[in-house]
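Report on the following structure.
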Amino acid sequence: MKSFFVPISYFLPLCFLPVFASAQTNTNKIKVYLLGTFHFGKTSDKHSTSFPDLNSPKRQKELDQIADAINRAGISKIFVERSYFLQTALDSLGELYINNKPMDSLEKRNEIYQVAYRAKRKNRAIQVVATDRKMELPYADLDEYESMNPDSKFGGAFFKESYIVKQKRLKLNESTLQEYYLSINSEASRKSSQADFLHYALSYGDKSDFTGTKFTTSWYERNLIIFTNILRHLDPKTDTSILVLYGSSHTAVLRQFFENHDRFQIVELDKLFGDTLK
């Protein structure tokens, strides 16, 4: 029988190689601004925020202030919630917006144009990059489990306790856009947005049944694909600051990935908005 034994000494140089290599390369971290957003236009999301005064002078001024802040931060790429295979179409629509050409009014309301392409209009060097991959969450599996199992089969005593995050969330109609963004990107808001995935969904199952775990796994899979697509578009030599413009429930998860990757430094939004908060 052929032996597959390989001396451990063969692997030792490989084990230490990444450590030595990283010590010899540029360790400057890429600054990451996570702009978790609500969707300005029509959305199928479970939670939505009404934004009827988007085109008012007040809101347009606030959006211009945010675009100016993005440019002051030296952001080279803005990663947006649009399927990555639609990049060409996104570029074409973006050019219509930048040049004030006629375009679909519902599309024009989208935060991709109102925030990302508004910033690009002020600095054409900025790249707006589509990195999403739409994946339907398996709600049907939760519904099926719920219909076939009594309450006693929902994960045990721990899950009978409510997932409570004490949070006073601002109302958009009572605040500036910048203030509202700080509110929905706060630590309390991030934890609250993940309740469905890290608590309630996980209660679906018993013993060897992990229906809820598979539901949450599908959510993390989509966000890990987004994260992977972002990494694929980065050039450490030129991309020193980037902005991720996604729904706030996405950025709550993406933050975990960026925080645990040694090449990134998360910069909080109050630093981005700066004087516009006064």
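In what follows, every heavy atom counts, from backbone to side chain, and hydrogens, waters and symmetry copies are set aside. Numbers here are sequence positions counted from 1.
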Closest non-hydrogen atom pair between [X] and [Y], with its separation:
X	Y	value
Leu172	Phe51	CD2-CD1, 3.6 Å
Val267	Lys31	CG2-CB, 3.9 Å
Ala130	Leu90	CB-CD2, 4.0 Å
Gly212	Leu142	CA-CD2, 4.2 Å
Ser76	Asp239	OG-OD1, 2.6 Å
Thr251	Gly36	OG1-CA, 3.3 Å

request  = Show the numbers, then the answer: is there a side chain to side chain contact (heavy atoms under 4.5 Å, CB included) between Ile98 and Lys120?
outcome  = CA-CA 8 Å; Ile98 287 172; Lys120 184 177 175 66; 3.8 Å; yes
Within the 4.5 Å heavy-atom criterion, are [X] and [Y] side-chain neighbours or not?
X	Y	result
Phe264	Phe257	no
Asp270	Gln178	no
Leu93	Leu96	yes
Ser186	Ser189	yes
Ile78	Val80	yes
Ile230	Ile242	yes
Ile70	Lys122	no
Val253	Gln194	yes

Between the side chain of [X] and the main-chain N/O of [Y], is any donor-acceptor distance below 3.5 Å?
X	Y	answer
Lys77	His233	yes
Ser183	Glu179	no
Arg109	Phe40	yes
Arg82	Ile112	no
Arg118	Gln114	yes
Thr217	Thr213	yes

Set of side-chain hydrogen bond (donor to acceptor under 3.5 Å, both in side chains) partners for [X], sequence neighbours left out:
X	value
Thr211	Asp209
Asn71	Asn123
Asp53	Arg59
Asp262	Lys29

Just verifying a value: how many Å separate [X] [atom1] and [Y] [atom2], rounded to the nearest 0.5 Å?
X	Y	atom1	atom2	result
Glu111	Leu35	CD	CG	9.5 Å
Asn223	Arg133	CG	CZ	12.0 Å
Asn185	Thr37	CG	OG1	8.5 Å
Ile266	Lys271	CD1	NZ	13.0 Å
Asp235	Gln127	CG	CD	10.0 Å
Ile75	Thr240	CD1	OG1	9.5 Å

query = Do the side-chain N and O atoms of Asp91 and Gln87 include a donor-acceptor pair separated by under 3.5 angstrom?
reply = yes
ask   = In terms of side-chain heavy atoms, does Ser248 have a donor or acceptor partner in Tyr181 at a distance below 3.5 Å?
value = no
request  = Apply side-chain hydrogen bond (donor to acceptor under 3.5 Å, both in side chains) to the pair Gln256 and Tyr220, showing each step before the final yes or no.
outcome  = CA-CA 11 Å; Gln256 299 173 29; Tyr220 269 78; 3.2 Å; yes
Quick one: do [X] and [Y] end up in the same hydrophobic cluster if we chain Ile, Leu, Val, Met, Phe, Trp and Tyr together by side-chain heavy atoms under 4.5 Å apart?
X	Y	result
Leu231	Ile225	no
Leu170	Leu182	yes
Leu198	Phe210	no
Val129	Leu224	yes
Leu245	Leu54	yes

message = Going by side-chain hydrogen bond (donor to acceptor under 3.5 Å, both in side chains), Tyr113 matches just one of Lys108, Glu107, Arg121. Which one?
response = Glu107
ask   = Which residue pairs pass the salt bridge (Lys or Arg N to Asp or Glu O under 4.0 Å) test when at least one of the two sits in residues 245-261, sequence neighbours left out?
value = Arg255-Glu259, Arg255-Glu268
Looking at residues at least two apart in the chain, or sitting in another chain, which of them share a salt bridge (Lys or Arg N to Asp or Glu O under 4.0 Å) with [X]?
X	answer
Arg232	none
Lys101	none
Asp143	none
Lys214	none

task = Please identify each residue that fulfils side chain to side chain contact (heavy atoms under 4.5 Å, CB included) with Leu137, with sequence neighbours left out.
result = Tyr139, Phe197, Phe215, Ser218, Trp219
ask   = If you measure from the Lys or Arg side-chain nitrogens to the Asp or Glu carboxylate oxygens, is any gap between Glu95 and Arg124 under 4.0 Å?
value = yes
query = With ILVMFWY side chains joined below 4.5 Å, transitively, what does Phe159's cluster contain besides itself?
reply = Phe158, Leu202
message = Suppose the criterion is ring-ring contact (aromatic ring centres under 6.0 Å, His included): which pairs have a residue in residues 68-94, not counting sequence neighbours?
response = none
task = Could you tell me if the ring centre of Phe38 sits under 6.0 Å from that of Tyr180?
result = yes
message = Between His261 and Phe258, does the ring pair (Phe, Tyr, Trp, His ring centres under 6.0 Å) criterion hold? Intermediate values first, please.
response = CA-CA 5 Å; His261 195 300; Phe258 282 111; 8.2 Å; no
key: Over 12 foreign heavy atoms within 6.0 Å of NZ, Lys134   = yes
